[in-house]
Amino acid sequence: MVRRRCSSIVSYAIMGCPRQHPMSGCVICVSFQPHQSYLAMSELHRNDQELRRFEELHLLRELGVNPYPSTFGKTHTNAEILSAFSDDDPSPLADVFVAGRIMAIRKMGKASFVHIQDVSGRLQLYLKKDDLGEVYDHLKLYDIGDIIGVRGFVFRTRMGEVSVHAASLHMLCKSVTVIPAGKEEIDEDGNVKRYDAFADKEQRYRKRYLDLIANPHIKETFVKRARIISTMRRFFDTRGWLEVETPILQPLYGGATARPFMTHHNALDIPLYLRIADELYLKRLIVGGFEGVYEISKNFRNEGMDKTHNPEFTALEIYVAYKDYVWMMDMVEELLHTVVNDVHGTDSTTFGETEISFARPFARKKMFDLFAEHTGHDLRGKQRDELVAIAKAIHVDVDPSWSAMKLLDEIFSVKVQPHLIQPTFVIDYPVEMSPLAKAHSTEQGLVERFELFIMGKEVANAFSELNDPIDQRHRLEEQAAIRAAGDDEAMVVDEDFLHAIEVGLPPTAGLGVGIDRLVMLLTNNDSIRDVLFFPQMRPERNASDKHPEVEA
RNA sequence: GAUCCCGUAGCUCAGCUGGUAGAGCAUUUGACUUUUAAUCAAAGGGUCUUGGGUUCGAGUCCCAACGGGAUCACCA
């Protein structure tokens, strides 16, 4: 096998190396022969373009070039070069070191233009044989995808592009595979047009590193994501609230209605669950005496996946003592206002065609007022049968077996939610929908809870936390009964949590924010997969795999 | 889980009512010392996702599997 593969390289080398000048110093002719078996067996499946790159790698080493050096004294990012250059006085950039991945090579005989891409963008290099000598000939061993560094001076070409004129050229990392680098054209308006874009969504999600190289503009989404989160941290920290970490592996799960992932601890020989929410642990910390705690962390829910659901997702939860949900609404307004300003520099963001204003105050509407407004019916205190009849009358498909809570939820989703485009707090929910929220101080059957909707999507959920231990036990036992009746998403009774509530939770306002959805909203992405570097994907498998299925 | 659409060169795609597989870019060779999707000339590159079936003959038609996308359902 090795022989067969070597012979293909030999024939390739001969083909690629015209015999006309065997003594001319052509690196391929002179250096190739003695080393025909440097490729490992595991590399046998390589295609011709990859084989050529392995060959080039080998030849670079033969020439005494280390294709994987340890450091390079990079002095400027590409963007810094472009912004710092002045035609009037180029002298400050007379000796710079730049580095990046080769995205385009245009050879003009004894001069070449190369575009390199670094974290900040693209920069053109001008390489001339007169300046580089024999190193210029090595350029034939360089490819799109290699990472190179250059020392040189900055100038503007005749075509007007600020470029680095190379005095020396260094291979920093030889790439041995092909990257999908489509060509780019920049029109007069500065718009980048891409040709042969790397557009296969599946491959983009599976091989995000290639996506980031081929579609560098997506970096903006992830930079904004990082800024959104860091702005939130700063906002909370300056107010004296403590960032904490609570268990991901939990013997009991709770704080939300959702199916968990299950795992097993060998030494303890017990089942453990991956958390579905932080709530119950954070409240224990308020019981313990902290007066403001927050956590930004991954939650895990073993449910379906779609545009807005990934099995692991990032949530913010914050609890502040001696506050209620009205105070929390003000805080959320201020928080989002701050975040949007930090990220966009203005009060608003554009999602699709819609401009969304985060100017304060946001609309605040009672849930049952919204029902009246959008259905024409007053649903307060209605029994299940009445709700079924109303649903029928307003053409909402419902299952008559659903609970009153589920019916309200469905009517809300269909009739109300799509209208909540600008930031809107929906307040005062029925108690059945909120087993951890405090009973409303004035309205019978309601709890002090709000959800914030933007673009018809829930962005935040908060309430005055239930701290009446008898009420809390009663509601969790109701959940347990629902669970026993077959709803495996209902909450389980957590005795230690109930004990903490019996010890005494001060009046507390709590808030949860789905970070991924907030990032989607603020970066104009309609799929959660576009705001996660590595969204969960079905394992890649093809029918020709011969691996037998592993039985558990 | 249901329905619809998709899977062809490294990338983006074309391929008609079945008849020996196409383009652009990328790659290789040659020319070119300020180019801009550089250009010009030549060349290599494919088990058409996989497995069955119909047919003299399948990239194309049928069935199934695998993978993906969209919509819905489930679900915050």
Side-chain angles (χ1 to χ4, degrees), chain A residues 11-18 20-21 26 28 46-53 55-56 103-115 122 124-132 136 140 143-145 155-161 163 165 177-187 192-206 210 214 256-259 276-277 299 301-311 313 315 397 399 409 413 417 433 451 453 457-461 489 512-514 516-517 526-529 537-546:
Chain A
S11 64
Y12 171 80
I14 291 170
M15 173 204 74
C17 253
Q20 296 93 288
H21 7 45
C26 163
I28 292 177
R46 298 291 180 169
N47 67 36
D48 63 329
Q49 293 191 35
E50 291 170 328
L51 292 178
R52 182 182 51 75
R53 284 163 182 251
E55 195 176 301
E56 289 168 346
M103 300 305 286
I105 302 178
R106 288 185 293 279
K107 288 195 181 183
M108 309 281 304
K110 294 188 179 61
S112 294
F113 294 88
V114 174
H115 269 109
R122 289 193 180 195
Q124 179 168 264
L125 309 178
Y126 177 56
L127 310 174
K128 204 159 71 152
K129 186 170 170 78
D130 291 349
D131 299 312
L132 296 171
Y136 186 83
K140 70 174 63 168
D143 286 289
I144 288 172
F155 74 114
R156 188 183 293 278
T157 66
R158 211 177 282 165
M159 300 302 288
E161 181 163 347
S163 309
H165 187 135
T177 189
V178 184
I179 64 168
K183 289 194 172 185
E184 279 190 0
E185 183 180 28
I186 301 173
D187 64 20
V192 178
K193 254 169 86 181
R194 287 191 178 72
Y195 298 83
D196 302 331
F198 180 50
D200 182 327
K201 283 202 164 192
E202 179 193 354
Q203 287 307 315
R204 289 182 52 203
Y205 296 143
R206 287 189 191 282
L210 289 180
T257 53
R259 268 186 286 266
I276 58 172
N299 289 346
R301 296 188 184 175
N302 204 344
E303 293 168 347
M305 294 161 53
D306 60 28
K307 266 176 140 169
T308 56
H309 295 82
N310 194 63
F313 62 99
D397 283 336
D399 186 324
D409 199 22
S413 303
Q417 211 170 310
M433 297 170 85
E451 292 188 301
F453 288 86
K457 298 271 163 36
E458 180 205 341
V459 170
N461 180 20
E489 287 169 14
V513 176
D516 307 289
R517 292 185 187 172
D526 71 351
S527 171
I528 195 170
R529 292 181 162 187
M537 302 287 282
R538 202 180 291 273
E540 206 164 13
R541 217 187 307 165
N542 52 55
S544 61
D545 275 351
K546 293 192 177 97

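All values below come from the heavy atoms of this structure, side chains included, with hydrogens, waters and symmetry mates left out. Just so it is clear: chains get the letters A, B, ... in the order the sequence lines come, proteins before strands, and each one is counted from 1.
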Pair A:Asp130 + A:Lys110: basic N to acidic O under 4.0 Å: no
Non-neighbouring partners of A:Ser413 that pass side-chain contact (heavy atoms from CB on, under 4.5 Å), sequence neighbours left out: A:Asp409, A:Gln417
Pairs: protein N or O with nucleotides 4-11 of chain B N or O, under 3.5 Å:
{"unit_1": "B:C11", "atom_1": "O2'", "unit_2": "A:Asp196", "atom_2": "O", "d": "3.1"}

Sugar-phosphate, base or nothing in reach of A:Asp409, heavy atoms under 4.0 Å: base
By salt bridge (Lys or Arg N to Asp or Glu O under 4.0 Å) - contacts of A:Glu451 (at least two apart): A:Arg449
Residues forming a side-chain contact (heavy atoms from CB on, under 4.5 Å) with A:Glu184, sequence neighbours excluded: A:Arg122, A:Val192, A:Arg194
Under the side chain to side chain donor-acceptor pair (under 3.5 Å) test, residues paired with A:Lys129 that sit two or more places apart: A:Asp137
Touch class at under 4.0 angstrom, heavy-atom based, for A:Lys128 against every strand present: base
A:Arg53 side chain near B:U27 phosphate (N/O to OP1/OP2, under 4.0 Å): no
Nucleotide nearest A:Ile144 (side chain, heavy atoms from C-beta), chosen from B:C75, B:A26, B:U34: B:A26
Which residues share a side-chain contact (heavy atoms from CB on, under 4.5 Å) with A:Asn310, sequence neighbours left out: A:Glu312, A:Ile528, A:Leu532, A:Pro535, A:Gln536
Base B:U34 paired with A:Ser163 side chain (donor-acceptor, <3.5 Å): no
4.5 Å side-chain heavy-atom contact, A:Met159 and A:Gln124: no
Non-neighbouring partners of A:Glu303 that pass side-chain contact (heavy atoms from CB on, under 4.5 Å), sequence neighbours left out: A:Ala258, A:Arg259, A:Arg301, A:Glu489
Sugar-phosphate, base or nothing in reach of A:Asn461, heavy atoms under 4.0 Å: nothing
For RNA chain B, stems built from three or more consecutive Watson-Crick or G-U wobble pairs below 3.5 Å: B:1-7 with B:66-72, B:10-13 with B:22-25, B:27-31 with B:39-43, B:49-53 with B:61-65
Qualifying residues under salt bridge (Lys or Arg N to Asp or Glu O under 4.0 Å), relative to A:Lys183, sequence neighbours excluded: none
Touch class at under 4.0 angstrom, heavy-atom based, for A:Glu458 against every strand present: base
Phosphate-side-chain proximity, A:Arg52 and B:G45, N/O vs OP1/OP2 below 4.0 Å: no
Comparing A:Thr308 and A:Lys110 on RNA chain B - which has the more 5′ nearest nucleotide: A:Lys110
Partner residues of A:Glu458 under the side chain to side chain donor-acceptor pair (under 3.5 Å) criterion, sequence neighbours left out: none
ring-ring contact (aromatic ring centres under 6.0 Å, His included) partners for A:Phe113, two or more places apart: A:Tyr126
Please write out each protein N/O paired with an N/O of nucleotides 38-42 of chain B under 3.5 Å, distance rounded to 0.1 Å.
{"unit_1": "B:A38", "atom_1": "OP1", "unit_2": "A:Lys183", "atom_2": "NZ", "d": "3.1"}
{"unit_1": "B:A38", "atom_1": "OP2", "unit_2": "A:Arg106", "atom_2": "NH1", "d": "2.6"}
{"unit_1": "B:A38", "atom_1": "N6", "unit_2": "A:Lys107", "atom_2": "O", "d": "2.8"}

Whole-angstrom distance between B:C62 and B:A37, as gauged at atom C1': 43 Å
